[in-house]
Amino acid sequence: MTWERTRETDERTEWERDDGYARVALRETATGEWAVMLDRLEQAPEGEAYRHETVADREEAAEMAEAWRRANDG
């Protein structure tokens with residue numbers, strides 16, 4: 001499946017899988033770190049999942065978000 005970037009600002013980027021059952025986002029936290037989140041709905045073929053990690057910088061967060069999108073292509 002493919003992913004579409006649905007939001008992009010300096011502080012936040014979000015992607016949604018084309019079936020609508022999974023979303024990945026990265027955002028800057030109040031402390032200046034970056035949070036990465038995966039939310040896959042119960043209806044997804046591979047089932048429900050939620051993951052959240054915090055990393056030091058945007059580059060690391062973007063790499064993690066890309067890896068999570070590849071791992072959750074359905």
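Remark: E46 engages R17 in a side chain to side chain donor-acceptor pair (under 3.5 Å) (not counting sequence neighbours). Partners of T9 under the side chain to side chain donor-acceptor pair (under 3.5 Å) rule, at least two apart in sequence or in another chain, do not exist in this structure.
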(request) Take E4 and D18 through the test side chain to side chain contact (heavy atoms under 4.5 Å, CB included) and record every step on the way to the result. (result) CA-CA 7 Å; E4 179 182 343; D18 64 354; over 6 Å; no
(message) Using side chain to side chain contact (heavy atoms under 4.5 Å, CB included), reason through R69 and E66 one step at a time and then give a plain yes or no.
(response) CA-CA 5 Å; R69 289 192 314 274; E66 181 180 346; 3.9 Å; yes
(request) Start with the C-alpha gap between T13 and R5, add the side-chain angles, then the distance that decides, and say whether side chain to side chain contact (heavy atoms under 4.5 Å, CB included) holds. (result) CA-CA 7 Å; T13 304; R5 185 176 292 144; 3.8 Å; yes
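Classification of E14 and R12 as a salt-bridged pair holds, one side-chain N sitting under 4.0 Å from a carboxylate O.
Distance alone, capped at 3.5 Å, is enough to place a donor-acceptor pair between the R58 side chain and the D10 backbone.
Members clustered with V55: W3, W15, V24, L26, W34, V36, L38, M64, W68, by chain and number, using a 4.5 Å side-chain heavy-atom cutoff among hydrophobic residues.
Taking a 6.0 Å sphere around CD of E42, one finds it holds 12 or fewer heavy atoms contributed by other residues, nucleotides or ligands. For E8, the CD atom sits in a packed shell: over 12 heavy atoms of surrounding residues, nucleotides or ligands are nearer than 6.0 Å.
Rounding to the nearest 0.5 Å places CG of D39 at 13.5 Å from CZ of R51. Atom OG1 of T54 and atom CD of E33 lie 6.0 Å apart (nearest 0.5 Å).
Closest of all the heavy-atom pairs between L41 and G20 is CD1-O, 3.9 Å.
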